[in-house]
Amino acid sequence: MIKVATFNINGVKARLPRLLEWLQETRPSVACLQEIKSQDEGFPIQDIEAIGYKAIWHGQKGFNGVAILADGVEPVEVRRGLEGEPEDEHSRYIEADVFGLRIACIYLPNGNPLPGPKFDYKLRWMERLRKRMREISAEEVPAIVTGDFNVIPEDKDVWSPSAMAADALMQPESRDAYARLLGDGWTDALDLHNPRGGVWTFWDYQAGAWQRDHGFRIDHALLSPEVADRLVAAGVDKEYRGREKSSDHTPVWVQIRD
DNA sequence: ATGCCAGACAATGTCTGA
């Protein structure tokens, strides 16, 4: 069984104890991290290797940054960054082959405030992502595109649709772009296993959101048809949101038959 | 209407985020 997880870590250096304990307690085969908020040279690879993982990462000063960790084997990097905007220097995409799977780890732009350049960038980035995902589909490799999509797919995926109505995460344009990915043949694994919704992956640090369970679902795992056929389970490691110095996201995982 | 909270950077505040 292969377990592929994603975790928006919100600062890999500030969160290192949480990351290491999560890896050791849940032992995912592959762990995709977002918002490492570290330059390449500051990534704590020694601590990660000390507990048996190998990794590739794409860092950036101060914010963004993504990484793919694998239990005992080095992920083979396929690409970093998306095509289409050569001037875009945000570290938001890294892709690798590992355990016979193509894994893409993404940190999709938030898009707030809107309207404005950040929302425009989000929508352009989603179209660039779609183009890459269609290329992966054409390869017909078993693939998982996972990470922080910064899209609340449907009203059932948020504690209060009205409270979030003006947010970039649930604008019709954001949702339509996400729906187009699914329309291309990708399966939202967590949604498949929780069709009635009510499953959150993010709770804001502010306004007591965690205590009030004011969360929403923005961390996703999209499966190619070759992987969807092998899906055994999907879930959220909710308890990690309640720990000391936690990220504002929880890990999301899928289990895939060998 | 705004900030709430948090991390990084390199201040003792600013930027960024969701």
Side-chain angles (χ1 to χ4, degrees), chain A residues 6-20 22 32-45 47 57-67 88-93 105-126 129 146-155 157-175 177-178 190 199-220 236 238 240-252:
Chain A
T6 181
F7 192 3
N8 181 319
I9 200 73
N10 189 16
V12 71
K13 288 170 288 192
R15 208 77 56 214
L16 189 59
R18 294 290 86 79
L19 172 64
L20 296 176
W22 169 67
C32 295
L33 307 181
Q34 302 85 38
E35 283 203 88
I36 63 174
K37 295 186 175 180
S38 167
Q39 298 185 78
D40 283 341
E41 54 270 33
F43 189 77
I45 185 62
D47 300 276
W57 60 95
H58 187 196
Q60 182 179 347
K61 185 175 181 178
F63 59 111
N64 299 329
V66 287
D88 180 6
E89 295 185 340
H90 286 197
S91 297
R92 298 180 175 276
Y93 186 93
C105 172
I106 77 160
Y107 176 46
L108 206 148
N110 172 286
N112 283 304
L114 87 150
K118 292 189 176 181
F119 189 62
D120 297 341
Y121 173 59
K122 177 193 189 100
L123 297 181
R124 289 200 311 275
W125 204 92
M126 292 188 80
L129 173 66
T146 189
D148 180 356
F149 282 68
N150 270 318
V151 175
I152 297 168
E154 299 181 51
D155 284 356
D157 299 310
V158 57
W159 66 279
S160 169
S162 59
M164 292 289 292
D167 198 284
L169 306 194
M170 53 179 280
Q171 292 311 297
E173 296 96 324
S174 309
R175 287 181 163 179
Y178 186 78
L190 199 53
V199 175
W200 319 142
T201 68
F202 171 89
W203 294 257
D204 203 302
Y205 289 124
Q206 303 182 59
W210 168 247
Q211 289 75 12
R212 298 174 183 184
D213 200 29
H214 290 180
F216 41 84
R217 188 172 75 93
I218 52 174
D219 300 274
H220 308 308
V236 176
K238 184 174 178 180
Y240 290 89
R241 181 61 183 82
R243 296 203 181 180
E244 283 296 306
K245 296 277 287 177
S246 73
S247 172
D248 40 6
H249 295 249
T250 51
V252 173

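Letters A, B, ... are given to chains in the order of the sequence lines, protein chains preceding strands, and every chain is numbered from 1.
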query = Mind checking whether A:His58 and A:Tyr93 have ring centres under 6.0 Å apart?
reply = no
query = Distance between the C1' atoms of B:dG7 and B:dT12, in whole angstroms?
reply = 16 Å
ask   = For A:Phe216, what residues pass the ring-ring contact (aromatic ring centres under 6.0 Å, His included) criterion, not counting sequence neighbours?
value = A:Phe202
task = Would you mind classifying the nucleic acid contact of A:Asp167 as base, sugar-phosphate or nothing, using non-hydrogen atoms under 4.0 angstrom?
result = nothing
task = Identify, with sequence neighbours excluded, every residue that meets side-chain contact (heavy atoms from CB on, under 4.5 Å) alongside A:Asp120.
result = A:Arg124
query = Atom CG of A:Asn110 and atom C1' of B:dC15: how far apart are they, to the nearest Å?
reply = 14 Å
message = Output one letter per nucleotide in nucleotides 4-14 of chain B: B when a protein non-hydrogen atom lies under 4.0 Å from the base, S when only the sugar-phosphate is that close, - when neither is.
response = BBSSSSS----
request  = Send over the distance from A:Lys122 NZ to B:dT16 P, rounded to a whole Å.
outcome  = 17 Å
ask   = Can you check the A:Ile9 CD1 to B:dG17 C1' distance for me, whole Å?
value = 16 Å
inquiry  = For residues 163-175 of chain A, which residue pairs pass the salt bridge (Lys or Arg N to Asp or Glu O under 4.0 Å) check, not counting sequence neighbours?
reply    = A:Asp155-A:Arg175
message = Going by the rule side-chain contact (heavy atoms from CB on, under 4.5 Å), which residues pair with A:Trp200 if we only count those two or more places apart in sequence or in a different chain?
response = A:Trp159, A:Trp203, A:Asp213
request  = Quote, to the nearest angstrom, the P distance that separates B:dG3 from B:dC15.
outcome  = 13 Å
ask   = In whole angstroms, how far is the C1' atom of B:dT16 from the CG atom of A:Asn8?
value = 13 Å
message = According to ring-ring contact (aromatic ring centres under 6.0 Å, His included), who are the partners of A:Phe43, at least two apart in sequence or on a separate chain?
response = A:Trp57
inquiry  = Under 4.0 Å, heavy atoms only, any strand: does A:Arg217 hit a base, just the sugar-phosphate, or nothing?
reply    = nothing
ask   = Considering only the C1' atoms, how many Å lie between B:dT16 and B:dC4, rounded to the nearest integer?
value = 16 Å
Rounded P spacing from B:dA10 to B:dT14 in Å = 16 Å
